[in-house]
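To start, the structure itself, in structure tokens.
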2 protein chains.
Amino acid sequence: MLAAARTAFAERGFDGATIRGIATAAGVDPALVHHYFGSKDKLFLAAVEAPADPDEVLPAVLAAGRDELGASAVRMLLSLWDGPARPAGLALIRSAVSNEWTAKLLREFLVAKVVGRVVGTLGYSDEERDARGALVASQLIGLVMIRYVLCAEPIASASHESLIAAIGPNVQRYLTGELEPPAPARPRPHPPS
Amino acid sequence: MLAAARTAFAERGFDGATIRGIATAAGVDPALVHHYFGSKDKLFLAAVEAPADPDEVLPAVLAAGRDELGASAVRMLLSLWDGPARPAGLALIRSAVSNEWTAKLLREFLVAKVVGRVVGTLGYSDEERDARGALVASQLIGLVMIRYVLCAEPIASASHESLIAAIGPNVQRYLTGELEPPAPARPRPHPPS
DNA sequence: GTCTATACGTGGATAGAC
DNA sequence: GTCTATCCACGTATAGAC
């Protein structure tokens with residue numbers, strides 16, 4: 001049941017998936033879905049929140065040394081997305097793009113619970129942590145978009161090792177490289193005085 | 001009319017936008033839309049193909065020296081997306097995520113007409129050109145996702161200069177840096193013989 | 001508890017009056 | 001040419017029989 005919902009949300013996004021379709025895919029009656037979950041929103045939350053617990057995988061990422069964090073993050077992302085977490089991840093992304101409240105869900109999950117926590121171990125100021133975290137997120141989401149959403153070659157079929165070797169160093173630069181703080185706001189054109 | 005369609009597709013994606021909504025936003029009758037464009041598909045094509053001519057902007061990107069190509073690409077992307085091309089871009093992305101034929105549209109437009117042509121000037125083999133192009137695309141799409149779709153701070157409000165400084169070098173590495181060719185296929189586990 | 005029937009809204013698309 | 005009226009399919013959600 002939840003598996004069918006996850007699959008449907010992953011393939012068509014929140015707005016595109018239908019309760020009727022999910023119910024028939026699961027071999028049950030559409031009315032049962034409402035009986036169990038109450039609404040489409042709650043069904044989505046139940047389908048997506050189950051397999052997305054960062055506490056289970058973050059320690060493995062952080063176990064890498066400071067200079068291997070980038071490669072470690074890419075490796076974890078690939079092993080999750082090429083494992084059982086892909087439907088939930090696709091459901092989140094496909095839904096977030098056209099639906100405001102799922103976008104908020106993804107944004108907060110991603111920034112606060114995942115990337116922020118990884119960058120948070122590096123001892124930066126809050127501003128720099130958020131800036132570096134957003135840069136890391138941009139590369140990782142881009143990888144997900146190309147490999148799993150748009151399915152553009154050769155990245156869609158590339159091996160984990162080759163992607164880690166190609167992308168890991170770039171993520172590493174965002175994490176620990178020297179870079180001017182990506183100004184949170186416009187570099188004030190003319191200071192107050 | 002086309003502007004209203006672009007805006008609607010940009011905000012809600014292909015599936016989410018409605019002909020009725022576009023028509024009322026444009027102050028015309030819904031039936032007129034069908035009369036002029038024939039179908040929703042053709043309306044979408046007309047709305048996004050207009051302002052998406054790569055031939056107009058690519059020369060400016062390529063005018064940069066080989067070592068400034070990364071920064072130049074990021075600069076052009078930002079100036080397009082913070083300019084009049086944003087609605088068309090958002091319409092393409094929002095639609096491509098949940099709609100197969102628009103996904104194909106975006107994939108081919110992006111890989112063949114944009115990134116591929118930039119990397120194509122660098123004199124790599126076809127395989128390496130495609131691999132580097134896909135890596136570049138992953139970073140650029142990720143930037144678009146974070147800044148314009150998810151609107152995550154601080155990237156959403158960051159200045160062009162700071163983003164070019166932060167992301168340009170990473171794109172540059174994908175373009176001209178030393179990296180093993182991201183293997184187009186799985187590194188053959190056991191060759192034919 | 002499970003499902004049939006249905007209310008109620010909203011799509012895209014079309015026919016035909018003016 | 002423009003728009004009213006309408007067809008038909010499909011969405012969420014609910015009421016109520018069994």
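What you see is a predicted model, and the numbers here were worked out from it, not measured in a lab. Naming convention: chains lettered A, B, ... in sequence-line order (proteins, then strands); numbering from 1 in each chain.
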Rounded to the nearest Å, what distance is computed from the CZ atom of residue Phe44(B) to the C1' atom of nucleotide dG11(C)? 18 Å
Which residue, Ser39(A) or Ala31(B), contacts DNA chain D at a nucleotide closer to its 5' end, judged by nearest heavy atom? Ala31(B)
Given dT4(D), dA13(C), dT14(D), which nucleotide is nearest the side-chain atoms of Asp29(B)? dT4(D)
Do Val48(B) and Phe9(B) make a side-chain contact, defined as non-hydrogen atoms from C-beta onward lying under 4.5 Å apart? no
In whole angstrom, what separates Ile22(A)'s CD1 from dC10(D)'s P? 17 Å
Nearest to the Tyr36(A) side chain among dT4(C), dT2(C), dT4(D), which nucleotide is it? dT2(C)
By nearest atom, which of the nucleotides dA13(D), dT6(D), dT14(D) is closest to the Arg20(B) side chain? dT6(D)
Should Asp130(A) and Glu153(B) count as side-chain neighbours, where that means a heavy-atom distance under 4.5 Å? no
Less than 4.5 Å apart, side chain to side chain, heavy atoms only: is that true for Leu105(A) and Phe44(A)? yes
Among dT4(D), dT2(C), dA13(D), which is the nearest nucleotide to the side chain of Lys40(A)? dA13(D)
Between dG12(C) atom C1' and Asn99(B) atom CG, what is the distance in whole Å? 15 Å
In whole angstroms, the gap separating C1' of dG11(C) from CZ of Phe14(B) amounts to 12 Å
Base, sugar-phosphate alone, or nothing: which one does Ala17(B) contact when heavy atoms must sit under 4.0 Å apart? sugar-phosphate
For the side chain of Leu32(B), counting heavy atoms from C-beta on, which of dT2(D), dT6(D), dT14(D) is nearest? dT2(D)
Under 4.0 Å, heavy atoms only, any strand: does Phe37(B) hit a base, just the sugar-phosphate, or nothing? nothing
Would you mind reporting whether Ile22(B) and Met1(B) have side-chain heavy atoms less than 4.5 Å apart? yes
Interatomic distance where NE2 belongs to His34(B) and P belongs to dG11(C) [whole Å]: 13 Å
Donor-acceptor under 3.5 Å (Arg94(A) side chain, Arg12(A) main chain): no
Whole angstroms only, please: what is the NE2-C1' distance between His35(B) and dA15(C)? 11 Å
